[in-house]
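For reference, the structure discussed in these notes is given below.
Given the structure is predicted, the values throughout are model-derived calculations rather than measurements. The figures here come from the full heavy-atom set of this structure, side chains too, leaving out hydrogens, waters and symmetry mates. Residue numbering restarts at 1 for every chain, and letters A, B, ... go by the order of the sequence lines.
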Amino acid sequence: MTNSEPSLSEQQQIRLEKLNQLRELNINPYPYNYDVTHYSTGILENPSLVTEEPDNHTLRVALAGRVMTRRIMGKASFFTLQDSKGIIQIYIRRDDVGTETYNSVFKKLVDIGDFVGIKGFVFKTRTGEITVHAEEFEFLGKTVRPLPTPKEVENDKGEIVTYSAFSDKEHRYRQRYVDLVVNPEVKETFIKRTKMVQAMRDFMNRRGYLEVETPVLQPVYGGAAARPFVTHHNALDMQLFLRIANELYLKRLIVGGFDGVYEFSKDFRNEGLSRFHNPEFTQVELYVAYKDYHWMMDFMEEMIEHVALDLHGSTKVSVGDHEIDFKRPWPRIPMYEAIMNETGHDLSGKSENEIRDIAKKLHIEIEEGMGKGKLIDEIFGEYVEPKLIQPTFITDYPVEMSPLAKKHRSKEGLVERFEAICNGKEIANAFSELNDPVDQRRRFEDQVRLRSEGDEEAMTLDEDFLRAIEYGMPPTAGIGIGIDRLAMIMTNSESIRDVLFFPLMRPE
RNA sequence: GAAUCGGUAGCUCAGCUGGUAGAGCAGCGGCCUUUUAAGCCGCGGGUCGUGGGUUCGAGCCCCACCCGAUUCACCA
């Protein structure tokens, strides 16, 4: 940091002055700890705590949090205290906590946002609100910057209306800490995301699969079609890439003898940003030996159905205008059949040029160097994918677009691959893993050729990975599930930024 | 990268065909011992995103730039 400080607003200056005054009163504005016995929600949900006539035997509660609203009425006040679980009202009187604490500290030096600790008993106000009657008041942390002050109120219809909401998306993304404090639903979204990951982790652990960690910094990147971030290691004077996928390392572990391995991982792709794309994103990849992609479809259905039940108590989830039902089984439609259904064109057995003509007829924008796989992908993305709202498996992709998938056991020119599509977007990609080292080398070489022809997303040849599967890899099913996109669906969020605490933003 | 919309007080926003900036909340001073968007009286607070230009005069008009949102493109 430089020593040039931005000029302070009047409110910040006033708060800094209050900070000094606290110290002059011998009150540490930043004390070290506070013994909390109860949370706001715990008190609100437990009516047996409410007393009318407190005595020595009445249970006392101690809670801590931020002051969010204040209603001062002379010698007594109400304020709301927000802790990690929720908000509860506190009643505080001069005659209970002492004149100095009440007049000099509470009324003069406490601001909205400050941390305080309260000890007292629980009662009900005249209007029936469960409230903590403070008998002791302690200062726990001074804020020197004013918090946005949204107010929630119930209108005649019983709806919650929020006034002065902290709603500017830029501010919310940049200052997520503030967003979390004042917009309670944000916390809910992220808690749900974490629960979702936990449900998946539990599900895989119960089947005995091993959670592992593989390198983020890789000398050769691979496992997906994408441009990488490039970095440099000083001591080894070596170019390194941030991983774009975990696939090739996890398969090395299958070679090494694990039956099932999975990893929740941040991957990095050097691409544009959008509602569905952040340069760093999370996926879980799972590889299971002696299984194929049919088995993997069963597995995915079961796991995601379980996640939906775990999060919502139902297989049905509201997303935008749709209700998405994750109940098993999900439709399984071969890709050519799905394209046929939507466009009337049958691509099976067609040559690259024939497919290019069909793409032209379908008004697909065709660019130099688009191969067969890419053309098919474009047609699919334009005509089929957006229509698949309910979870659907699209199966059997052209070999040209799947260099790591095993060729189909009966359909010429295709591989045993599926993508799970939901709400018009891919949420998973899986295949029967290619374990024929000779075929794998040929596929890599095709990729190298594409790269030399200018396809920046084509894969590079990973000689060590080839060596690994030359030692032998069992039949294996593998899958990658996009955690951010699944979280968007499970939390009914319309932007990936709403399920990332700190989405990438330009510098301020 | 393109289009559209937006950036005014700590927060949410208003500001007409250009006339020198406004509300609510928040803040400050005062009153108020069961309030709840507490209330009542009084007061302060602004580089109107940045830089140019037009004009007697710009928050408003023009140009360039910065930042964001959304859509499209790119992209799984």
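Between Arg15(A) and rG27(B) there is no side-chain N or O to OP1 or OP2 distance below 4.0 Å.
Distance alone, capped at 3.5 Å, is enough to place a donor-acceptor pair between the Tyr30(A) side chain and the Lys142(A) backbone.
Across all strands shown, rA2(B) forms a Watson-Crick or G-U wobble pair, both distances under 3.5 Å, with rU71(B).
Comparing the same atom, P, in rU47(B) and in rC60(B) gives a spacing of 16 Å after rounding to whole Å. Atom C1' of rG46(B) sits at a distance of 12 Å from the matching atom of rG10(B), rounded to the whole Å.
Residue Ser9(A) places its side chain closer to rG10(B) than to any other of rU12(B), rG10(B), rC11(B). The listed nucleotides are rC74(B), rC32(B), rU35(B); the one nearest the side chain of Gln89(A) is rU35(B). Distances were taken from every side-chain heavy atom of Lys108(A) (C-beta onward) to each of rG29(B), rG27(B), rU35(B); the shortest belongs to rG29(B). Checking rC74(B), rU34(B), rA26(B) against every side-chain atom of Ile112(A), the shortest atom distance belongs to rA26(B). In this structure, of rC11(B), rU34(B), rU70(B), it is rU70(B) that holds the atom nearest to the side chain of Lys169(A). Among rC75(B), rC11(B), rG27(B), the nucleotide with an atom closest to any side-chain atom of Asp111(A) is rG27(B).
Nucleic acid contact class of Arg227(A) (heavy atoms, under 4.0 Å, all strands): none.
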